[in-house]
A.B. asks: 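Dropping the structure in here first, questions after.
Quick caveat, the model's predicted, so the values are computed rather than measured.
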Amino acid sequence: MMKNFSIALSSTLAADAPPATRDARPACLTSHSCALGNENPAQFEATLSNGQIGADREEIKDWLRLCHTPGVPPAAVRRLLSAFGPPGAIFGASRGALSDVVPVDVVGRLLARTSAELSTQIASTLEWAGRPGCAVVTLSETAYPRALLTLLTLGDTPPILYCRGDVTLVNRSGDGGERAVAIVGSRRASPQGRDNARHFARVLGDAGVAVVSGLAAGIDAAAHEGALETSGGTCAVVGTGADIVYPTHHRVLAEKIAERGLMLSAFPIGTPPRPEHFPRRNRLIAALARCTTVIEATTHSGSLITARLAGELGRDVLAVPGSIHSPHSQGCHVLIRDGATLVASPDDVLEALGMTPSVPERTVRGERKRQRRPSPSRASGATPDHGRRNAQGGNDGNAAPLPGVHVSLKQAKADVSPVGPADAPAGMTAVLKALGYDPVNADTLCERTGLGIADVLAQLGALELGGHVARLPGGRFSRRTLAD
């Protein structure tokens, strides 16, 4: 059965078509209801209840053949979709009709015998799509994320998406991602940065906001973990095929997201990670959310690309400030200097979305009680005013320990602080790295390093004698900087 193709899509796609063909579209594009812009909600819900989400086998074959036949450029694909509608109609048209829209040589390649490589790709995609929870969603599907239609004018809307999990999650956040926030940041985030990302994501998710990120190490992973069990949910946009997890150590996290949220890719099944894929992934992240929030970023961080793309799409860009001595905060400070909105708590993000928090932020006692639950993905070390205090250069140091943040001795050796002793033993380096740039107490450092309290206090004493750590009132410790 041929699905209705979006009239809204057709009018925009027609911008790439020759003038003579813009008004020569088949009646199927104008006589049916718009699949993405004017769908009947009751009909949509009925479709979901029947499990009819994603393209069927024949539609998958046609879409892959249209979009991945060698020598058929994306511009030609857009023109054909504009003129004829879904791929089934394109392949049902005569050679002459197709030649009126795209060059004859392109038509020849499109109608030629399917190559062995493309046949293999089609077979692997069909096998993947047949697995539980997997779906191929195309532009002709009602479930296609409407927020991505903003990319149509840029010619960058992916015609095919590969989804694992709750395909409806993105559209539930609004046609333009009005109730979705992208949280991105450094891959080599500090313990405090990961703590902040989890806290922001959990509070936003509990308010019904979908959290979008890229499954990268550091801030991305922490944001997904924080939003996993919230009502808003989380969507991971990846720069590989949907059957590949990158980085590989996020395999367990990816499975949890597929079970409780959505894994989404615009790249064909089997596509490995490549550097050139991630800017495109970042554009999708920016397009899916009403605003992009950057939590920790160096001046060369890829998250700044996501922020720039969000700005180009007319989305709000928000940034969490940090210590002027922390390299992880310099990218955020650049964004704020250049006009991004400074945010110090999840409430500020909700305000940017035009939402009012329904309940006050949790008390310290509530956070501690929640952290005692066994699931590490539910952990958060943030206090009610954690973000605000961090923005002002301190906090009370009494935040509950964060089980999900652990600085191993091996990891610490690979990232020695520039103000720490060059030949420091592993334990001392682990404590210094776990300290970050925000004042914390010894109990928090125990949780972050896995060391006992006696070891932590011994290392802190040695660091204090060496001039690398300062002791503050209330049993807190702070990393000293060269400026000190």
A.B. asks: Does NZ or CZ of Arg281 lie under 6.0 Å from the centre of the six-membered ring of Phe267, at an angle within 45° of the ring axis?
C.D. replies: no
A.B. asks: Grab the two heavy atoms, one from Pro321 and one from Val343, that are nearest each other, plus how far apart they are.
C.D. replies: CD-O, 3.4 Å
A.B. asks: Mind checking side-chain contact (heavy atoms from CB on, under 4.5 Å) for Ala129 and listing every partner two or more places apart, or none if nothing turns up?
C.D. replies: Ile60, Val136
A.B. asks: Take Leu313 and Leu154 through the test side chain to side chain contact (heavy atoms under 4.5 Å, CB included) and record every step on the way to the result.
C.D. replies: CA-CA 10 Å; Leu313 293 171; Leu154 304 176; 3.9 Å; yes
A.B. asks: Not counting sequence neighbours, list each pair that qualifies as a side-chain hydrogen bond (donor to acceptor under 3.5 Å, both in side chains) and has a residue in residues 450-459.
C.D. replies: none
A.B. asks: I need the Asn282 CG to Thr306 OG1 distance, nearest 0.5 Å.
C.D. replies: 3.0 Å
A.B. asks: Residues in side-chain hydrogen bond (donor to acceptor under 3.5 Å, both in side chains) with Asp166, at least two apart?
C.D. replies: Thr168, Arg172
A.B. asks: Test of understanding: with ring pair (Phe, Tyr, Trp, His ring centres under 6.0 Å), list the residues that count as partners of His68, not counting sequence neighbours.
C.D. replies: none
A.B. asks: Enumerate the ring pair (Phe, Tyr, Trp, His ring centres under 6.0 Å) contacts for residues 227-265, please, sequence neighbours excluded, ordered by first and then second residue.
C.D. replies: none
A.B. asks: Is there a donor-acceptor contact under 3.5 Å from the side chain of Thr292 to the main chain of Ala307?
C.D. replies: no
A.B. asks: Ignoring hydrogens and angles, tell me if any N or O in the side chain of Thr157 forms a donor-acceptor pair with the backbone of Leu152 under 3.5 Å.
C.D. replies: yes
A.B. asks: For Ser231, enumerate each residue passing the side-chain contact (heavy atoms from CB on, under 4.5 Å) test, keeping only those at least two apart in sequence or located in another chain.
C.D. replies: none
A.B. asks: Could you give all pairs that pass the salt bridge (charged side-chain N to carboxylate O under 4.0 Å, His left out) test and reach residues 317-338, with sequence neighbours left out?
C.D. replies: none
A.B. asks: Hey, does the side chain of His300 reach the backbone of Gly331 with a donor-acceptor pair shorter than 3.5 angstrom?
C.D. replies: no
A.B. asks: For Glu229, which of Arg202, Arg260, Lys256 qualifies under side-chain hydrogen bond (donor to acceptor under 3.5 Å, both in side chains)?
C.D. replies: Arg260
A.B. asks: Sequence neighbours excluded, which residues qualify as ring pair (Phe, Tyr, Trp, His ring centres under 6.0 Å) partners of Phe278?
C.D. replies: none
A.B. asks: For residues 304-329, pull every pair meeting salt bridge (charged side-chain N to carboxylate O under 4.0 Å, His left out), keeping only residues two or more places apart or in separate chains.
C.D. replies: Arg290-Asp316, Arg308-Glu312
A.B. asks: What I want to find out is whether Glu255 reaches Arg164 closely enough, with some N-O distance under 4.0 Å, to be called a salt bridge.
C.D. replies: yes
A.B. asks: First locate atom CD1 of Ile269, then atom CH2 of Trp128, and finally report the distance between them rounded to the nearest 0.5 Å.
C.D. replies: 4.5 Å
A.B. asks: Identify which one of Val184, Val320, Ile295, Asn196 satisfies the side chain to side chain contact (heavy atoms under 4.5 Å, CB included) criterion when paired with Ile219.
C.D. replies: Ile295
A.B. asks: Treating Asp243 as the side-chain partner and Gly270 as the backbone partner, does any N or O pair qualify as donor plus acceptor under 3.5 Å?
C.D. replies: yes
A.B. asks: Any idea which heavy atoms bring Arg187 and Ala216 closest together, and the distance?
C.D. replies: NE-CB, 3.9 Å
A.B. asks: Considering non-hydrogen atoms only, spot the tightest contact between Gln121 and Ser124 and give its length.
C.D. replies: O-OG, 2.9 Å
A.B. asks: Is there a side chain to side chain contact (heavy atoms under 4.5 Å, CB included) between Leu81 and Leu66? Walk through the geometry before answering.
C.D. replies: CA-CA 10 Å; Leu81 290 171; Leu66 172 66; 3.8 Å; yes
A.B. asks: Any donor and acceptor pair, going by atom type alone, linking the side chain of Ser265 with main-chain N or O of Tyr162 inside 3.5 Å?
C.D. replies: no
A.B. asks: Taking His277 for its side chain and Thr240 for its backbone only, find out whether a donor-acceptor pair lies under 3.5 Å.
C.D. replies: no
A.B. asks: Has the side chain of Arg251 got a donor or acceptor atom that lies under 3.5 Å from a matching backbone atom of Val245?
C.D. replies: no
A.B. asks: Would you please name every residue forming a side-chain hydrogen bond (donor to acceptor under 3.5 Å, both in side chains) with Ser301, sequence neighbours left out?
C.D. replies: Ser303
A.B. asks: Of all residues at least two apart in sequence or in a different chain, which pass the side-chain hydrogen bond (donor to acceptor under 3.5 Å, both in side chains) check with Thr293?
C.D. replies: none
A.B. asks: Quick one: side-chain hydrogen bond (donor to acceptor under 3.5 Å, both in side chains) partners of Glu127, sequence neighbours excluded?
C.D. replies: Arg131
